[in-house]
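Just so it is clear, the model here is predicted, and its values are computed rather than measured.
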Amino acid sequence: MQFHAASAQMAAALNTVIRVIQPQNTLAIATGVQCEADADTLRLSATDLSHHLTVVIPATVTDPGVVVLPAQTFHALIRRLPTPSCTVTTTSSEIRATVRYGRNTAALQSFGDQMLPDFSPMPQDAATLTLPPNTLPRLTRELLFACDSDDTRPILKGVSVTWQDNQVIAAATDGSRLSRAVLTLSEYSVAAPAFSAVFSPKALAEAARLNHEEALTLRWTANLVEFATATVSLRARLLVGAYPDYERIIPADYDTSCVLPLETLRGAIERMQVLSDLRTVTPLAVTVNAGTLSLATENAAIGQAQETLECTTTGPDFAATFNPAYLTQALKSFDSEDILWEFSGVQAPARFRNPADPSYAHIVLPLRQLA
């Protein structure tokens, strides 16, 4: 195999694909990056066995072929090359790849005739829809922080995604909080059958990087999803299992609510957290009275604090305690000027929303009150 490519393009492509590699993977070949040169293109691929990421860049190919090289070493070398381009060569009798740049050469041990495990190709008739730019970055901001991190409930580590009637409904929960977002994509999508699946957070996070400025094509089968642009494709296995029926826990009515500037509330809660014990949850007492929202916390080993904020309120007075870390994480997922905080009971879920945009809501349970 022999190909010639621009150093900067190859370094950028390698920087993209190696993100999918799991450093702790015990399968040696899965720590490599596959270079496939053919028809004036170079395909660079990497996998963690659940996700497979490929970037295609132009190259001058004089001898088509495939080789797998140690990803971190190859990337570290290419991004440090002083020349604008380089040539990579392998021969059938060698297990090394030679990188030529200017008058200089470097040789890297390859994985010989081993190739990366590949996923089944997406069928040509796979269901398809198109996501406009910045769709997934918004969703990842709104959803991923609410995913569970407990290995005992692996399905909750993913994001539930349902597509129906030109709407995407996505949700993430860890059992104590729930993020739910609704997107209407009729202007951007093609006809696609309804589906429901659970995506891994890693797949969504990596796909979001591709979707900042470019539209993204989403294709899926019963157990596989693919996100693709003109030059990059990410295929990921769907999580197996039934996602809980989260809709049934969302209250139908909220008796008490308050509206105030988002940054005002976030800043006050963050100041309360200064007095939190990092090893345990220090409860934050929240009280809503006519025209005010009061916050108070106390930690015997650190101190106490309280603040009262002016706000617009509706409904009866209300008081409950919350995990302050959950509240600040929720508030960081919004980009609005104001925040609407709604309460449905001392033991019932409370809800955050942008008063001007109901398409995204975050629901959080109060801390359990002792009788």
Any side-chain heavy-atom pair of F145 and R177 under 4.5 Å: yes
Intermediate values then yes/no, side-chain hydrogen bond (donor to acceptor under 3.5 Å, both in side chains), E142 and S333: CA-CA 5 Å; E142 295 173 342; S333 69; over 6 Å; no
Between C35 and M1 the two heavy atoms that sit nearest each other are O-SD, 3.9 Å
Are the aromatic rings of W341 and F322 close, with centres under 6.0 Å apart? yes
d(L262 CG, T264 OG1) to nearest 0.5 Å is 8.5 Å
Is the backbone of P349 close enough, under 3.5 Å, to the side chain of S344 for a donor and an acceptor to pair up by distance? yes
So do F195 and V161 actually touch side chain to side chain, heavy atoms under 4.5 Å? yes
Tell me, do V286 and F343 make a side-chain contact under 4.5 Å, heavy atoms counted? yes
Taking all atoms of both residues into account, what is the closest heavy-atom pair of L295 and A268, and its distance? CD1-CB, 3.7 Å
Got a donor-acceptor contact below 3.5 angstrom from the R138 side chain to the N134 backbone? no
Search all heavy atoms of S50 against all heavy atoms of T47 and return the closest pair with its distance. N-OG1, 4.5 Å
Counting only heavy atoms not in E310, do more than 12 sit closer than 6.0 Å to its CD atom? no
To the nearest 0.5 Å, atom OH of Y326 lies from atom OG of S176 at 4.5 Å
Okay, side chain of T128, backbone of A126: is any donor-acceptor separation there less than 3.5 Å? yes
Joint cluster assignment, V99 & I57, ILVMFWY side-chain distance < 4.5 Å: yes
Strictly distance-based, threshold 3.5 Å: is any side-chain N or O of R219 a donor or acceptor partner for the main-chain N or O of P123? yes
Taking it one step at a time, do N289 and T313 satisfy side chain to side chain contact (heavy atoms under 4.5 Å, CB included)? CA-CA 8 Å; N289 298 120; T313 61; over 6 Å; no
Is a donor on one side and an acceptor on the other found under 3.5 Å between the side chain of N15 and the backbone of I18? no
What class does the angle between the rings of F352 and H362 fall in, given that below 30° is parallel, 30 to 60° is tilted and above 60° is perpendicular? parallel
Transitively linked via ILVMFWY side-chain contacts under 4.5 Å: V55 with M122? no
Spell out, as yes or no, whether a donor-acceptor pair under 3.5 Å connects the side chain of N354 to the backbone of S336. no
Identify the two heavy atoms, one from S179 and one from L143, that lie closest to each other, and give their separation to 0.1 Å. O-CD2, 3.5 Å
Going through the distances and angles, do Y101 and S7 end up as a side chain to side chain contact (heavy atoms under 4.5 Å, CB included)? CA-CA 9 Å; Y101 51 102; S7 302; over 6 Å; no
Which distance, rounded to the nearest 0.5 Å, do you find between the CG of D40 and the OG1 of T60? 6.5 Å
So, the side chain of T297 versus the backbone of P283: is there a donor-acceptor pair under 3.5 Å, distance only? yes
Rounding to 0.5 Å, atoms OG1 (T287) and CG (D317) come to a distance of 9.0 Å
Above 12 or not: heavy atoms from other molecules or residues under 6.0 Å from CD of E213? no
Side-chain contact test, heavy atoms from C-beta onward, threshold under 4.5 Å: evaluate it for N323 versus L367 and give yes or no. yes
Taking Y243 as the starting point, is it possible to reach V182 by hopping between hydrophobic residues whose side chains are less than 4.5 Å apart? yes
Sidechain-backbone polar pair: D48 side chain, Q22 backbone, donor-acceptor under 3.5 Å: no
Distance-only donor-acceptor hits, side chain of residues 102-117, under 3.5 Å, sequence neighbours excluded:
from : atom 1 : to   : atom 2 : distance (Å)
S110 : OG     : I95  : O      : 2.8
S110 : OG     : G112 : N      : 3.0

Kindly give the heavy-atom pair with the smallest separation between P366 and A320, and that separation in Å. CB-CB, 4.3 Å
Would you name the heavy atoms of Y246 and S160 that are closest together and state the gap between them? CE2-OG, 4.2 Å
Using side chain to side chain contact (heavy atoms under 4.5 Å, CB included), reason through I339 and R266 one step at a time and then give a plain yes or no. CA-CA 10 Å; I339 192 74; R266 178 178 161 185; over 6 Å; no
Side-chain contact, heavy-atom cut-off 4.5 Å: E307 with I269? no
Heavy-atom donor-acceptor pair, K202 side chain to V20 backbone, under 3.5 Å: yes
Report yes if the side chains of M10 and F3 come closer than 4.5 Å at any heavy-atom pair, otherwise no. yes
Within a 6.0 Å radius of atom CG on D245, are there more than 12 heavy atoms belonging to other residues, nucleotides or ligands? yes
Is there a path of hydrophobic side-chain contacts, each under 4.5 Å between heavy atoms, that joins L365 and L331? no
Set out, in order, the CA-CA distance, both residues' side-chain angles and the distance that settles side chain to side chain contact (heavy atoms under 4.5 Å, CB included) for K157 and D151, then state yes or no. CA-CA 8 Å; K157 299 178 79 170; D151 288 333; 2.5 Å; yes
Could you check whether any side-chain heavy atom of L216 comes within less than 4.5 Å of a side-chain heavy atom of T135, counting everything from C-beta outward? no
Taking CZ in R43 as the centre, count heavy atoms belonging to other residues, nucleotides or ligands within less than 6.0 Å. Is the count above 12? no
I'd like to know if L265 and V259 are part of one continuous hydrophobic network [Ile/Leu/Val/Met/Phe/Trp/Tyr, side-chain heavy atoms within less than 4.5 Å]. no
N/O donor-acceptor pair under 3.5 Å between S294 side chain and T308 backbone: no
Atom CZ of R180 and atom CD1 of I363: how far apart are they, to the nearest 0.5 Å? 8.0 Å
Using distance only, find each side-chain donor-acceptor pair of residues 228-242 under 3.5 Å and give its atom names and separation, not counting sequence neighbours.
from : atom 1 : to   : atom 2 : distance (Å)
T229 : OG1    : T231 : N      : 3.4
T229 : OG1    : V232 : N      : 3.2
R235 : NH1    : F119 : O      : 3.3
R235 : NH1    : S120 : O      : 3.1
R235 : NH2    : D118 : OD1    : 3.2
R237 : NE     : L49  : O      : 3.1

Crowded around R100 CZ? As in, over 12 foreign heavy atoms under 6.0 Å? no
Within this structure, what is the CD-CD1 distance for the pair Q164 and I169, rounded to the nearest 0.5 Å? 7.5 Å
Which of D174, V198, D150, D148 passes side-chain contact (heavy atoms from CB on, under 4.5 Å) with L156? It is D148
When you compare the side chain of V68 with that of I29, does any pair of heavy atoms fall below 4.5 Å? yes
Any chance the side chains of H4 and S85 put a donor and an acceptor closer than 3.5 Å? yes
